[in-house]
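Here's the structure we're looking at; comments come further down.
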Number of protein chains: 2
Amino acid sequence: MQKIEQFLDSKDIRVTAMRLLIYKFLAEKQVAVTLSDIENAFEKADRTTLYRTIKTFEEKAIVHKVDDGTGITKYALCEQGCNCEIETDLHLHFHCNNCNETVCLTEHKIPQIKVPDGFVSENVNLVVKGICDKCSGQ
Amino acid sequence: MQKIEQFLDSKDIRVTAMRLLIYKFLAEKQVAVTLSDIENAFEKADRTTLYRTIKTFEEKAIVHKVDDGTGITKYALCEQGCNCEIETDLHLHFHCNNCNETVCLTEHKIPQIKVPDGFVSENVNLVVKGICDKCSGQ
DNA sequence: TCAATAAATGCACTTCCATTGCATTGGTTT
DNA sequence: AAACCAATGCAATGGAAGTGCATTTATTGA
Ligand SMILES: [Mn+2]
Ligand SMILES: [Mn+2]
Ligand SMILES: [Zn+2]
Ligand SMILES: [Zn+2]
């Protein structure tokens with residue numbers, strides 16, 4: 001388990017008990033989570049700490065925001081070598097209308113989107129909604 | 001101006017003074033607007049009425065929601081024969097990071113997006129962020 | 001080692017948008 | 001006109017995001 005400590009350290013994130021717990025929580029989850037999800041997982045922790053921890057993770061680029069259109073921001077761990085910032089590296093997200101979970105489809109990069117003359121594309125958010133594999137697999 | 005009355009009527013929306021005003025406001029605007037935008041345009045009107053008017057318009061499919069990632073829902077009039085619901089008819093939206101305005105790119109349909117086996121795509125939201133024509137045109 | 005310093009945490013409070021309940025007003029129908 | 005239903009207005013609520021400040025915890029370096 002020393003690995004996580006080392007990883008955080010390599011990213012200039014001081015290791016604390018709470019940060020380790022939150023990191024592990026994110027790593028175990030296969031879906032993007034809300035602040036409330038984390039809050040519920042750690043009853044004792046203060047919401048502000050979670051909020052700021054996630055913010056730190058985001059600033060240090062080990063998690064990325066997921067805006068799936070539910071109105072509630074979700075977060076997911078970045079993949080190895082993920083460059084959330086670089087437009088060409090953007091993957092799409094899938095939101096299940098049934099179980100309400102959102103997953104990163106990291107293998108599915110967002111295609112080049114043409115915009116009209118005069119417009120400059122800097123960033124793209126693409127969310128597909130429908131039924132996920134777990135829910136469709138009846 | 002009888003046209004708008006007739007149009008609303010054809011959509012099973014009772015014509016009221018407020019609804020006419022809001023409809024005209026939306027029609028004049030070339031960008032997606034927030035509830036607050038409308039609120040500011042009609043100081044006298046109650047926020048709830050605006051809220052419910054827009055909701056009615058949405059239910060009757062003459063406006064569609066625009067989720068541009070700012071966290072604030074915006075609305076825009078549907079084009080002639082716009083079928084917001086039908087996936088193949090979905091257009092993309094452009095949000096300017098400079099002027100903060102969001103426009104419908106109704107000519108630009110969203111390309112077919114491949115999803116992994118087991119996933120069923122029902123709906124797609126695609127938002128391009130960058131610099132709009134007005135702002136880039138220096 | 002221990003004091004000085006900086007970072008992380010916890011609590012309280014605030015803001016902003018979305019949404020609802022209920023009373024009132026206004027328009028339609030018979 | 002009476003009865004009915006829809007639209008409006010006011011007040012209150014709820015949820016999520018964000019901030020200020022005091023306190024605790026970790027780091028540094030004298
Ligand atoms: Mn992702
Ligand atoms: Mn649109
Ligand atoms: Zn599902
Ligand atoms: Zn602009």
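Just so we're on the same page: letters track the sequence lines, and every chain starts at 1.
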Inset, instruction - Examine the base of C:dC17 for any acceptor or donor lying under 3.5 Å from a partner atom in the side chain of B:T73, and report the outcome as yes or no. - result: no
Legend entry - side-chain N/O A:Y51 vs D:dA17 OP1/OP2, d < 4.0 Å: no
Legend entry - Whole angstrom value for the distance that separates C1' of D:dA16 from CG of A:L50: 14 Å
Inset, instruction - Using whole Å, report how far CG of B:D67 lies from P of C:dA18. - result: 11 Å
Legend entry - Side-chain (B:S121) to main-chain (A:G130) donor-acceptor, under 3.5 angstrom: no
Inset, instruction - Mind calculating the distance between CD (B:E39) and C1' (C:dC16) to the nearest angstrom? - result: 11 Å
Protein and nucleotides 22-27 of chain C: nitrogen or oxygen contacts under 3.5 angstrom:
none

Inset, instruction - Can you pull out how bent the helix from C:dT1-D:dA30 to C:dT30-D:dA1 is, comparing the axes over its first five and last five pairs, to 10°? - result: 10°
Inset, instruction - Please determine which of A:R52, A:K11, A:K65 meets the salt bridge (Lys or Arg N to Asp or Glu O under 4.0 Å) test together with A:E58. - result: A:K65
Legend entry - More than 12 heavy atoms of other groups within 6.0 Å of B:N40 CG: yes
Inset, instruction - Report yes if the distance between the aromatic ring centroids of A:F7 and A:Y23 is under 6.0 Å, otherwise no. - result: yes
Inset, instruction - Using a heavy-atom cut-off of under 4.0 Å over every strand shown, decide if A:T48 touches base, sugar-phosphate, or nothing. - result: base
Inset, instruction - Please state whether the phosphate of D:dA16, meaning OP1 or OP2, lies under 4.0 angstrom from any side-chain nitrogen or oxygen of A:T34. - result: no
Inset, instruction - Ignoring backbone atoms, test whether B:T49 places a side-chain nitrogen or oxygen under 4.0 Å from the OP1 or OP2 oxygen of D:dA7. - result: no
Legend entry - Close side-chain approach of A:D67 and A:V127, heavy atoms under 4.5 Å: no
Inset, instruction - Nearest whole angstrom, please: distance from the C1' of C:dT19 to the CD1 of A:I72. - result: 14 Å
Legend entry - hydrophobic_cluster_shared for B:F57 and B:V66, side chain cutoff 4.5 Å: no
Legend entry - A:K55 NZ - D:dG18 P separation (whole Å): 7 Å
Legend entry - Closest to side chain of A:D46, choosing from D:dG9, C:dG10, D:dA7: C:dG10
Inset, instruction - Look at the side chain of B:S36 against the base of C:dC17 and say whether a donor-acceptor pair falls under 3.5 Å; ignore hydrogens and angles. - result: no
Legend entry - Result of checking A:V31, A:V33, A:D68 against A:E101 for side-chain contact (heavy atoms from CB on, under 4.5 Å): A:V31
Inset, instruction - Assess the pair B:F25 and B:F42: is the distance between their ring centroids shorter than 6.0 Å? - result: yes
Legend entry - Euclidean distance, atom CG of residue A:L21 to atom P of C:dT9 [Å, nearest integer]: 11 Å
Legend entry - Donor-acceptor under 3.5 Å (A:K134 side chain, A:I131 main chain): no
Inset, instruction - Grab the CG-P distance between B:D37 and C:dC17 for me, whole Å please. - result: 10 Å
Inset, instruction - Would you indicate what A:R47 reaches in the nucleic acid, counting non-hydrogen atoms under 4.0 angstrom: base, sugar-phosphate, or nothing? - result: base
Legend entry - Atom-pair distance (CD1 on B:I38; P on C:dC17), nearest Å: 13 Å
Legend entry - Donor-acceptor contact present, side-chain A:T34 to main-chain A:D37, <3.5 Å: yes
